[in-house]
Amino acid sequence: MGTSLDVLSHEMVPDHQIMDGEEVTNLLATYHISLEQLPKMYHDDPAVKAIGGDVGNVIRITRDSRTAGRAEAYRLVVKRPKK
Amino acid sequence: MTSPKRVGRIEFGLFSPKEIRKMSVRKIIWADTYDDDGFPYPQGLMDLNLGVIDPGLRCKTCDQKAADCPGHFGHIELAKPVIHVGYTRLIRKLLRVSCRSCSRLLMTAEEVEKIIGPEDSELAGELVSEKDIKKERVCPHCGEQQLKINFEKPTTFSEVFVEDGRKVEHKLTPADIRARLEKIPDDDLRALGVNPDVARPEWTILTVLPVPPVTMRPSIILENGQRSEDDLTHKLVDIIRINQRFKENQDAGAPQLIIEDLWELLQYHVTTYLDNEVAGCPPARHRSGRPLKTLSQRLKGKEGRFRGSLSGKRVNFSARTVISPDPNLSIGEVGIPLAITNEMTLPIRVTPFNIDELRQYVLNGPERPTIKSPCGANYAIRPDNRRMRLSDANLETVAEMIEPGWTVERQLKANDIVLFNRQPSLHRMSIMAHRVVVMDGKTFRLNPAVCPPYNADFDGDEMNLHIPQTEEARAEAEILVSVQSNILSPRTGGPIIGGIHDHISGIFLLTHTVRHFSKEETLYLTQHLPIEHLPEPDRLDDDGKPLWTNKQVFSLVLPDDLNMLFQASSCQNCETCKREMCENDAFVRVVNGNLITGTIDKKGIGAFDGQILHRIIRQHGMKRAARFIDDVTKLSIRGIMLEGFSFGIDDEDLTKTEYGQIDEVLNGALSDVERRIKIYNEGQLEPMPGRTLEETLEMQIMQVLGKARDRTGEIAGRHLGMDNSAVVMAVSGARGSMLNLTQMAGCLGQQSVRGERIMRGYEDRTLPHFRRNERGAEAHGFITNSYKSGLSPTEFFFHAIGGREGLVDTAVRTSQSGYLQRRMINALQDLKVAYDGTVRTTGGRIIQFCYGEDGTDPGKSSYGSPVDVKGIIESVLKQEVK
Ligand SMILES: [Mg+2]
Ligand SMILES: [Zn+2]
Ligand SMILES: [Zn+2]
Ligand SMILES: [Zn+2]
């Protein structure tokens, strides 16, 4: 094993935060959606691993946006399916 | 209606012989179809159990009539098994990974474990592949030495023995292969990614063949009363005949050689029945020599079931013809030939409010004699949905009969809204809604200002027309798809409809520098504009007659409160801009809707970067912008007609002085090249950093020759001034560039392939006209002649070489981008922006939480940004903003 790299400190990796239960409830209510209708990300995504996220968590990703300055996206962590 | 259900999963598998027999309603044994009376043979290919196509008969399976019976499968028992061509790759793989004796996977349990691992491990989901197994190894289970399996297209498998040091191929019959596949254990198959519950591998070797229902291979009766069978039926006839002969020979104990021949023949017929375009297999042909369209051909490709019948279909209420220009139409109109408007209809429901009008349409009948005549109607539809074709015989009776509840299909008339389309439909502006103008002639007419979004020209282009048939469709067409709501392109946020070619030349000629027009001239220019009064004249001439300036005339089409500052296309980008004092009159300044200084050209009204157009859209809306385009194009056409505009061969003429200077420049360059080659040959050349000597020389030569060409252009340009049409077109941005002019009048310059001088051709030289290893300018594609002076034979050849590269590039690019477009559209077509601003799939799943992250529609933006700050400040301060 080589030196471990903290992916979160790389400038190309946006901010990832695990949302708590209340935040998720509000999010789903805002968009009138079920959990399944959120965009997904895999449990073995390097950023998910780095923040200790697990299957079922919803992650808030805050990116710099060319059009809006700052943009938030939300993704549900799912297990990577078998090929 | 039942409520919609979610698809849980889709299972793909193979039919087992058992299932094929179970779904079959009849065993088919006769190759014949109909008897002499035209009645289907029992147990023949058209057996009445397989469904009916002839009216009057009833299906023996479901007892329904021809229209209602869906058809039922039958089956043929094959004399010997044959391979299904669609699965040869799977069969090859399975033969290569399984033991030839015990049929188990050629791996120990530990080896398999290493690749697949136990459930829930990192490796879960991995599969064993052909590459994981060493070739010709010994079976770890029974110790059998494995042999190489050869596969020859389309369906031949063989094993390779080594006998007395020679390789001997032994053919495997489908029966041998089937026996091996049967023995592969279920667990081994799972490790290979095959689900044995739905797809046992031996099912890829057919022992029984399903016979599709007659409803999917109906026979047609020709004009002469003869029956013509479907291609599939022909193929099934072949299969049954050979199968029959095979069985007879087998029962009679025919020699092995004959049996093998028949077996191969049966395999050929089954193969071509499934796919008639397999590599290494001559296609089965009809008696006429046409290849048969068998199962795979029905599905594959552009005309196949998926792309041809399901994703795209032919439509009614559409028309297609050649297009031609008409600058007197508004951009939102389309001229349609009378013959087409008479044929095309839209349904209007009869109500108490329109019954008199519709009755009149019915009385007018289906024949409208001239474009001025009121429109008629072609059909009336009764409340019970019976259509009545209107003809001179029944006009009056039908007109009497109609009442609310009926529908009248009236002809197209002026101001109806229609969809107009030109392929390839690459962006949404390829289909726009226009208003109808009924015209004489046989072509669709459109304003040349709407050519850019359609990418249309008039060299024989054809376009399509569609008539929306419902109120909703018409409303949608008008609000979303109309030409005026598509002036701004969602690609750039700038205009895509606007002046082209002569519009730009014309407005340039009209507005360049300050000129004065008499009243007659002014009225000639403005006669098509919707204005009621001329402005105050600029001044009086010596006789006391009023004169107007060209800038005043142009200002007539501008909104009154427009304030703008920008540099025209003709701006030379001087180091310090002299602004209002620019000697090229390229500094455009508009104050309160009056053009003060500057020339209007491509930057002002052009289709892609018309700034005035863009500003009017932002500040006055689409409707005013559409009117501006109509007005400005009409004005510019008048402007160009005032003096006339043409280009001839003598416009490329220069004087003796210029020709002398050009020769001097070219001779100088040629000798400069010779000199550098000499330095190189003497080994005196200093290489540039990171370059070889040869590369350095090539770069120097390219540079010298490039400069020489530019110098000839400058010399030609000095002689050709604003009185030259080509210069006007180039400077105003209407068409062409100064480079084109250089090549016409000065010198064509270096021809290149992939950015380098032409090096290909014969051994050590480009053409036999040159010495071997010659490096000079002429020997590698430098053309000293111009298009005017004409090319020498060698120059002409080099020009063709350079020209071919361009043609090949475009051909390759269009096919590649076309395929990319297809894939993108397939991936994106069902996404939409929901009312809350999110981008969602049809299932309500979110793709973007806010469209484009800022929720801005680029088609309603100012070059991508939601607010046009520069424009707002300019219109308030009437000053430039930095
Ligand atoms: Mg064309
Ligand atoms: Zn039936
Ligand atoms: Zn074995
Ligand atoms: Zn200037």
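Per chain, numbering begins at 1; letters A, B, ... match sequence-line order.
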Any chance you could measure [X], atom [atom1], to [Y], atom [atom2], to the nearest 0.5 Å?
| X | Y | atom1 | atom2 | answer |
| --- | --- | --- | --- | --- |
| Tyr835(B) | His32(A) | OH | NE2 | 14.5 Å |
| Phe849(B) | Ile61(A) | CZ | CD1 | 9.0 Å |
| Asp854(B) | Arg70(A) | CG | CZ | 14.5 Å |
| Asp836(B) | Ile33(A) | CG | CD1 | 9.0 Å |

Should we count [atom1] of [X] as having more than 12 external heavy atoms under 6.0 Å?
| X | atom1 | value |
| --- | --- | --- |
| Asp6(A) | CG | yes |
| Lys832(B) | NZ | no |
| Glu36(A) | CD | no |
| Phe608(B) | CZ | yes |
| Glu22(A) | CD | no |

Hey, are the side chains of Arg845(B) and Leu38(A) touching, using non-hydrogen atoms and a 4.5 Å cut-off?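 Contact flag for Arg845(B)/Leu38(A) side chains = no.
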Could you tell me whether the side chain of Gln37(A) and the main chain of Gly843(B) form a donor-acceptor pair under 3.5 Å?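 Yes, the answer is positive, given that a donor and an acceptor are paired below the 3.5 Å cut-off.
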Test your reading of the model: is there a side-chain donor-acceptor pair from Thr67(A) to the backbone of Gly852(B), 3.5 Å cut-off?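 Present.
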Part of Ala71(A) lying under 4.5 Å from any heavy atom of chain B: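 Only the side chain of Ala71(A) comes within 4.5 Å of chain B.
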Which pair of non-hydrogen atoms, one from Tyr31(A) and one from Arg840(B), has the smallest distance, and what is that distance?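 Smallest heavy-atom distance, with atoms named: O-NH2, 2.8 Å.
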